[in-house]
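As the structure lists them, so they are numbered: ligands from 1, and atoms in each ligand from 1. Owing to the predicted nature of the structure, the values given are computational and were not obtained by experimental measurement.
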Amino acid sequence: MNSPIKVGVLGARGRMGSEAVRAVGEAPDTELVAAINREDGLTGLLDGGAQVAVDLTHPDAVLDNIRFCVEHGIHVVVGTSGLGTPELATVRSWLADRPEVGVLVAPNFAIGAVLSMRFAELAAKFFESVEIVELHHPKKADAPSGTAARTAQVIAQARAEAGLGEVPDATTKELDGARGADVDGVRVHSVRMTGLVAHQEVLFGTEGETLTIRHDSYDRRSFMPGVLLSIREVGSRPGLTVGLDALLGI
Ligand SMILES: NC(=O)C1=CN([C@@H]2O[C@H](COP(=O)(O)OP(=O)(O)OC[C@H]3O[C@@H](n4cnc5c(N)ncnc54)[C@H](OP(=O)(O)O)[C@@H]3O)[C@@H](O)[C@H]2O)C=CC1
Ligand SMILES: O=C(O)C1=N[C@H](C(=O)O)C[C@H](O)C1
């Protein structure tokens with residue numbers, strides 16, 4: 001048997017980080033060598049000999065963490081949200097100097113969520129209307145969610161490829177925010193509510209029918225198979241990978 005993959009978790013005492021620490025500790029082929037919190041230095045990754053770092057911190061911290069890891073030849077699995085197109089371009093530029101390093105950015109680790117994004121991408125060209133409602137726990141720092149932003153992007157791309165124009169909307173007078181955020185031409189509505197974990201509905205409409213694609217994570221354990229899969233795969237996927245689609249073969 002190969003020796004276990006040495007893993008460092010950044011944001012280790014957070015809601016996701018603590019689950020990841022447990023999952024990495026329990027899996028037979030991964031070994032937790034660093035559990036790093038906000039006040040700890042990233043050099044703990046080097047001290048522990050981490051081969052893969054899993055970032056589950058905060059949108060304000062994630063880019064610096066990725067840079068450190070890439071510069072030190074550590075593969076990174078990024079669960080933290082907030083990386084848009086410009087930030088991904090920055091990561092690509094760092095990777096140009098370290099082409100052997102893999103960075104895997106996962107907007108959502110839950111298998112159902114990955115599938116729901118793919119289903120939405122497939123459905124997009126058949127419906128003139130589309131809106132996204134994402135619903136999360138009230139401690140979430142960012143809105144819209146990374147998953148919703150990614151879903152809107154793939155839908156917008158599919159619409160453009162199919163030659164669909166703007167989503168119809170006659171609104172000329174609105175209270176600020178009433179129509180949600182505009183992400184690449186797709187309206188995204190963010191709900192924050194005690195009792196929720198992570199949920200999303202993609203609503204499609206055309207003449208006489210609608211289609212709703214809904215995914216619910218009721219427990220953060222739902223993210224762990226995707227976290228472990230990413231840890232196992234990132235080392236053999238140099239460069240930047242966005243999403244788990246390729247890992248799942250979809
Ligand atoms: N891709 C996916 O499937 C998922 C992604 N996420 C994303 O993961 C991230 C973390 O979520 P969650 O666990 O709920 O958040 P938490 O706030 O529970 O955890 C974040 C952790 O990161 C630490 N942290 C915050 N700021 C910094 C910083 N500047 N430097 C270093 N560490 C820092 C926090 O430290 P302290 O304890 O001191 O505050 C905390 O321990 C979010 O971006 C979220 O959107 C969440 C779920 C699934
Ligand atoms: O903060 C969360 O909880 C989640 N964040 C990710 C996101 O922004 O999409 C993934 C999931 O929705 C849970």
Test side chain to side chain donor-acceptor pair (under 3.5 Å) applied to S116 and Q200, step by step: CA-CA 9 Å; S116 73; Q200 177 167 289; 5.1 Å; no

Starting from the C-alpha separation in whole Å, work towards a yes-or-no answer on salt bridge (charged side-chain N to carboxylate O under 4.0 Å, His left out) for R67 and E71. CA-CA 6 Å; R67 181 173 204 162; E71 284 177 356; 3.1 Å; yes

Determine whether M16 and M224 satisfy the following criterion, side chain to side chain contact (heavy atoms under 4.5 Å, CB included), listing intermediate values before the conclusion. CA-CA 9 Å; M16 273 292 280; M224 293 307 123; 3.9 Å; yes

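Considering both main-chain and side-chain atoms, R38 comes within under 3.5 Å of ligand 1 through a nitrogen or oxygen pair. Between F109 and ligand 1, at least one N/O pair is under 3.5 Å apart. Close N/O approach between F223 and ligand 1 is not found [any backbone or side-chain N/O within under 3.5 Å]. Any N or O atom pair closer than 3.5 Å counts here, and K140 shares at least one such pair with ligand 1. An N or O contact shorter than 3.5 Å links R15 to ligand 1 by distance. Ligand 1 has no N or O atom lying under 3.5 Å from any N or O atom of G17, backbone or side chain. For the pair S81 and ligand 1, the shortest N or O to N or O distance falls below 3.5 Å.
Taking every non-hydrogen atom of H58 and a distance limit under 4.0 Å, the qualifying atoms of ligand 1 come out as 25 (C), 26 (N). Each of the following atoms of ligand 2 lies closer than 4.0 Å to a heavy atom of S81: 8 (O). Those atoms of ligand 1 that come under 4.0 Å of a heavy atom in L56, given as number and element, are 10 (C), 20 (C), 21 (C), 22 (O). Those atoms of ligand 2 that come under 4.0 Å of a heavy atom in A198, given as number and element, are 11 (C), 12 (O), 13 (C). Close approach of ligand 1 to N108 (heavy-atom distance below 4.0 Å) involves ligand atoms 1 (N), 2 (C), 3 (O). Which parts of ligand 1 touch A106 is read off a 4.0 Å heavy-atom cut-off, strictly below it: atoms 1 (N).
Residues E26 and R22 are paired through a salt bridge, judged by an N-O separation under 4.0 Å between the basic side chain and the carboxylate. Salt bridge absent: R38 and D40 never bring a charged side-chain N and a carboxylate O closer than 4.0 Å. Remark: K6 engages E31 in a salt bridge, criterion side-chain N to carboxylate O under 4.0 Å. Comment: R214 engages E201 in a salt bridge, judged by a side-chain N to carboxylate O separation of less than 4.0 angstrom. The existence of a salt bridge linking R159 and E161 is excluded, since no basic side-chain nitrogen approaches an acidic carboxylate oxygen closer than 4.0 Å. At a threshold of 4.0 Å, the pair E134-R192 counts as salt-bridged, since one of the basic side-chain nitrogens sits closer than that to a carboxylate oxygen.
With respect to atom 37 (O) of ligand 1, the closest heavy atom belonging to the protein is R13 NE, 2.8 Å. A61 CB, 3.4 Å is the protein heavy atom nearest to atom 28 (C) of ligand 1. Among all non-hydrogen protein atoms, the one lying nearest atom 10 (C) of ligand 1 is T57 O, 3.3 Å. Of the protein's heavy atoms, M16 CG, 3.2 Å lies nearest to atom 47 (C) of ligand 1. Annotation: atom 23 (C) of ligand 1 to nearest protein heavy atom, G11 CA, 4.2 Å. Looking from atom 40 (C) of ligand 1 to the surrounding protein, the closest heavy atom is G14 CA, 4.0 Å. The protein non-hydrogen atom at the shortest distance from atom 1 (O) of ligand 2 is K140 NZ, 2.9 Å. Looking only at heavy atoms of the protein, atom 7 (C) of ligand 1 is closest to G79 O, 3.5 Å.
The side-chain heavy atoms of V186 and I132, taken from C-beta on, include a pair separated by under 4.5 Å.
For atom 10 (C) of ligand 2, the nearest non-hydrogen atom from the set A106, S222, A149, P107 belongs to P107.
With a 4.0 Å cut-off on non-hydrogen atoms, K139 does not touch ligand 1 at all. By the criterion of a heavy-atom distance under 4.0 Å, both the backbone and the side chain of S145 are placed next to ligand 2. Under 4.0 Å from ligand 1, the heavy atoms of P107 that appear belong solely to its backbone. Counting heavy atoms closer than 4.0 Å to ligand 2, residue H136 contributes side-chain atoms (C-beta onward) but none from N, CA, C or O. Only the side chain of N108 comes within 4.0 Å of ligand 2, counting heavy atoms alone; its backbone N, CA, C and O stay farther away.
For H137, the closest heavy-atom approach to ligand 2 falls below 4.0 Å.
The closest side-chain donor-acceptor pair between Q51 and H75, if any, does not fall under 3.5 angstrom.
The two residues A123 and L211 make their nearest non-hydrogen contact at CB-CD2, 3.9 Å.
V105 pairs in a side chain to side chain contact (heavy atoms under 4.5 Å, CB included) with only one of the listed residues (T241, L244, L240, V76), which is L240.
Separation of the F109 and F223 ring centroids does not fall under the 6.0 Å cut-off.
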